[in-house]
Student: 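Before I ask anything, let me first share the structure, which is written out below as structure tokens.
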Amino acid sequence: MESLRLDFEACILGQKRNIIVEVPYHNGLVATSEFCPTELLSGDINLFAAVRGESLDCFMKHCRCQLTAMSKITEADTPLDCHIGALMAVVMDRLDRLGHISMSDLLIQIDCFSLLLKACGFAPDEIRAIYPQVTSTIRDLYPDCIRS
């Protein structure tokens with residue numbers, strides 16, 4: 001598996017930033033689950049279940065959606081609040097359009113959120129602590145909209 005560097009431009013809290021997301025890449029697929037606790041993964045937990053991902057095109061689209069949402073947030077107290085607001089905007093858009101989101105799709109969105117946090121300089125230990133908290137909050141807010 002090789003490492004892929006993806007460059008994005010975004011405006012975060014009024015500041016234009018160049019964001020470089022580094023992800024493992026192999027045969028057109030990006031491994032996204034670097035920060036996902038194995039307890040949140042479904043199925044048998046083994047090496048293949050623990051490495052989740054998606055196509056490069058889908059990953060880039062998901063990152064761009066969150067970064068676009070982030071650029072529209074001007075009233076956040078901290079960069080983390082801006083990132084969380086963008087994640088919530090993407091999830092809410094999905095729920096507004098379809099009325100539901102699968103747990104797998106939700107985790108992919110949170111994976112992208114986590115990798116964007118890393119690219120913006122958040123510490124890996126902090127991201128590992130944030131991941132289950134954000135997941136739990138979204139599940140608690142929308143219990144009838146998240147499907148297995």
Side-chain angles (χ1 to χ4, degrees), residues 1 4 6 8-17 19-25 29-148:
M1 200 169 271
L4 191 62
L6 305 171
F8 298 96
E9 285 189 12
C11 188
I12 300 175
L13 297 176
Q15 289 188 321
K16 194 169 189 163
R17 301 229 1 227
I19 298 169
I20 299 171
V21 177
E22 293 187 43
V23 289
Y25 177 77
L29 297 176
V30 174
T32 62
S33 56
E34 177 179 351
F35 296 102
C36 184
T38 55
E39 300 83 36
L40 292 175
L41 298 169
S42 60
D44 293 330
I45 301 302
N46 58 39
L47 180 59
F48 295 109
V51 178
R52 185 182 50 255
E54 62 182 337
S55 72
L56 176 59
D57 288 342
C58 286
F59 178 75
M60 290 185 69
K61 177 183 166 194
H62 288 137
C63 287
R64 283 189 189 112
C65 286
Q66 287 190 34
L67 291 168
T68 297
M70 210 176 305
S71 70
K72 296 177 183 176
I73 298 171
T74 58
E75 298 295 322
D77 292 331
T78 67
L80 178 59
D81 290 340
C82 189
H83 281 271
I84 291 171
L87 171 64
M88 292 305 297
V90 169
V91 170
M92 290 302 303
D93 176 66
R94 177 71 171 263
L95 295 177
D96 286 345
R97 285 185 295 109
L98 301 176
H100 68 276
I101 187 169
S102 71
M103 187 64 185
S104 177
D105 287 344
L106 176 61
L107 292 178
I108 286 285
Q109 291 296 338
I110 299 171
D111 286 349
C112 291
F113 160 82
S114 298
L115 290 165
L116 288 170
L117 286 176
K118 179 182 175 185
C120 289
F122 285 77
D125 288 344
E126 186 177 9
I127 299 167
R128 281 187 190 85
I130 292 168
Y131 196 113
Q133 293 172 348
V134 168
T135 305
S136 178
T137 299
I138 294 171
R139 288 179 67 177
D140 290 346
L141 286 171
Y142 308 104
D144 299 330
C145 299
I146 299 173
R147 298 189 176 158
S148 302

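Fair warning: this is a prediction, and the values are worked out from it, not measured in the lab. These numbers come from the heavy atoms of this one structure, side chains and all, not from hydrogens, waters or symmetry mates.
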Student: Among residues at least two apart in sequence or on other chains, which ones pass ring pair (Phe, Tyr, Trp, His ring centres under 6.0 Å) with F8?
Tutor: none
Student: How about F122 and L116: do any of their side-chain heavy atoms sit closer than 4.5 Å?
Tutor: no
Student: So, for T32 and G53, which heavy atoms are closest and what is the spacing to 0.1 Å?
Tutor: OG1-CA, 3.7 Å
Student: Going from CD1 on I146 to OG1 on T135, what distance comes out if it is rounded to the nearest 0.5 angstrom?
Tutor: 9.0 Å
Student: Rounded at 0.5 Å granularity, tell me how far CG in L117 sits from SG in C112.
Tutor: 11.5 Å
Student: Evaluate the side-chain proximity of R17 to C11: yes if any heavy-atom separation is below 4.5 Å, no if none is.
Tutor: no
Student: Of all the heavy-atom pairs spanning A119 and V21, show the shortest one and how long it is.
Tutor: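 It is CB-CG2, 3.9 Å.
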Student: Can you sort out the partners of D81 under side-chain contact (heavy atoms from CB on, under 4.5 Å), two or more places apart, ordered by chain and number?
Tutor: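 Scan of D81 (side-chain contact (heavy atoms from CB on, under 4.5 Å), adjacent residues dropped) gives A76, D77, T78.
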Student: Do I130 and F113 have side chains that approach each other closer than 4.5 Å (heavy atoms only, starting at C-beta)?
Tutor: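 A side-chain contact exists here, since the closest heavy-atom pair is under 4.5 Å.
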Student: Quick one: CD on Q15 to CD1 on I12, what's the gap to the nearest 0.5 Å?
Tutor: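 The distance works out to 9.0 Å.
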Student: Just distance, no hydrogens or angles: give the donor-acceptor pairs under 3.5 Å from side chains in residues 58-69, sequence neighbours left out.
Tutor:
{"unit_1": "H62", "atom_1": "ND1", "unit_2": "E54", "atom_2": "OE1", "d": "2.9"}
{"unit_1": "H62", "atom_1": "ND1", "unit_2": "E54", "atom_2": "OE2", "d": "3.0"}
{"unit_1": "H62", "atom_1": "ND1", "unit_2": "C58", "atom_2": "O", "d": "3.1"}
{"unit_1": "H62", "atom_1": "NE2", "unit_2": "Q109", "atom_2": "NE2", "d": "3.3"}
{"unit_1": "Q66", "atom_1": "NE2", "unit_2": "Q109", "atom_2": "O", "d": "2.9"}
{"unit_1": "Q66", "atom_1": "NE2", "unit_2": "Q109", "atom_2": "OE1", "d": "3.2"}
{"unit_1": "T68", "atom_1": "OG1", "unit_2": "R64", "atom_2": "O", "d": "2.9"}

Student: Can you see which heavy atom on A10 is nearest to which on I19, and at what distance?
Tutor: CB-CD1, 3.9 Å
Student: Would you please name every residue forming a side-chain contact (heavy atoms from CB on, under 4.5 Å) with M92, sequence neighbours left out?
Tutor: L95, D96, Y142
Student: To the nearest 0.5 Å, tell me how far R147 CZ sits from L106 CG.
Tutor: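 Interatomic distance, R147 CZ to L106 CG, rounded to 0.5 Å: 13.5 Å.
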Student: Hey, could you give me the CG/CE distance between L87 and M70, rounded to the nearest 0.5 Å?
Tutor: 9.0 Å
Student: By the salt bridge (Lys or Arg N to Asp or Glu O under 4.0 Å) test, which pairs, at least two apart or in different chains, include something from residues 106-125?
Tutor: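 Matches after skipping sequence neighbours: E34-K118, R52-D111, D125-R128.
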Student: Does S102 reach the main-chain N or O of D105 with its side chain, forming a donor-acceptor pair under 3.5 Å?
Tutor: yes
Student: Please check if the side chain of S136 supplies one atom and the backbone of P132 the other of a donor-acceptor pair under 3.5 Å.
Tutor: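 It does not hold such a pair.
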Student: Tell me, do R139 and M103 make a side-chain contact under 4.5 Å, heavy atoms counted?
Tutor: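 Yes, side chains in contact.
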Student: Considering residues at least two apart in sequence or located in another chain, which fulfil the salt bridge (Lys or Arg N to Asp or Glu O under 4.0 Å) criterion with E9?
Tutor: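 Expected list: K16.
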Student: Flag the pair I101 / C145 as yes when at least one side-chain heavy-atom distance between them is below 4.5 Å, and no otherwise.
Tutor: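 Contact flag for I101/C145 side chains = no.
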Student: Could you tell me the separation between the CG atom of L4 and the CG atom of L56, rounded to the nearest 0.5 Å?
Tutor: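 The distance works out to 6.0 Å.
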